[in-house]
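Okay, structure first, notes after.
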Amino acid sequence: MNIFRLVGDLSHLLAILLLLWKIWKTRSCAGVSGKSQIMFGLVYITRYLDLFTNFISIYNTTMKAIFIAVAIATIYLIYFKFKATYDSNHDTFRMEFLIVPVGGLAFLVNHDFTALEILWTFSIYLESVAILPQLFMISKTGEAETITSHYLFALGSYRALYIVNWVYRYYFEGFFDLIAIVAGCVQTILYCDFFYLYVTKVMHGKKLSLPA
Amino acid sequence: SKFDPSKDEL
């Protein structure tokens, strides 16, 4: 465990807790893409199946359990408890356009042709694009609430820190995982445009809105 | 099974 991974994980945790807290506190999930949240839920569940097969550390097990629990809670709030506030008219990205190709790719490009490994690979690929419905929704409505922007910034920071973590691990541990690195870089690139808007607008106290 | 370092990442 290096500092970049730890801060990245904490940033990841902060992001998902922030989103859950925002929905709970405002009793509304307006502006939040339920489809992105379903895909993140799928990401955690398919990746963390190893909770049942091998133990790594208390930290690892606890974080995995929290991620799965928070993801399920968020999906529950969006699709059940606060369903009336869910902005489905603007959440129109088709999930199958991501899940089907990503599933196919996981079958073709993986480290090992076993069920657990293919599901792990699927989750890595899916995570890299899971945020697209959320970004698509923001581009459709032309704006994002400030807390949603903070959520995206914390999530993007986690990805960027993981890249630094991989550089560190390559130099100091001689370890690298090409699947995780390529998918992680793709994912981080998707946040770049958002990062720019966040720094130029939200950090200066303005709401994130796209130019007309 | 052998220890796979990428699986200790979240």
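Owing to the predicted nature of the structure, the values given are computational and were not obtained by experimental measurement.
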### Message
Taking every non-hydrogen pair under 4.5 Å, which of Phe176(A), Tyr162(A), Phe67(A) racks up the most with chain B?
### Response
Tyr162(A)
### Query
Would you say Phe107(A) has more than 12 foreign heavy atoms packed within less than 6.0 Å of its CZ?
no
### Task
Counting only heavy atoms closer than 4.5 Å, note whether Tyr44(A) contacts chain B via side chain, backbone, both or neither.
neither
#### Entry: Member of Arg5(A), Arg47(A), Met63(A) meeting the side-chain contact (heavy atoms from CB on, under 4.5 Å) criterion with Leu10(B)
Met63(A)
### Segment of Tyr59(A) engaging chain B (4.5 angstrom heavy-atom cut-off)
side chain
#### Entry: Residues, nucleotides or ligands: over 12 heavy atoms within 6.0 Å of Phe55(A) CZ
yes
### Query
By a 4.5 Å heavy-atom criterion (distance strictly below it), what part of Asn60(A) contacts chain B: side chain, backbone, both, or neither?
both
### Message
Heavy-atom count check: over 12 atoms from other residues, nucleotides or ligands less than 6.0 Å from Ile58(A) CD1?
### Response
no
### Query
Would you call Lys7(B)-Glu117(A) a salt bridge at under 4.0 Å N-O?
yes
#### Entry: Any side-chain heavy-atom pair of Glu9(B) and Asn165(A) under 4.5 Å
yes
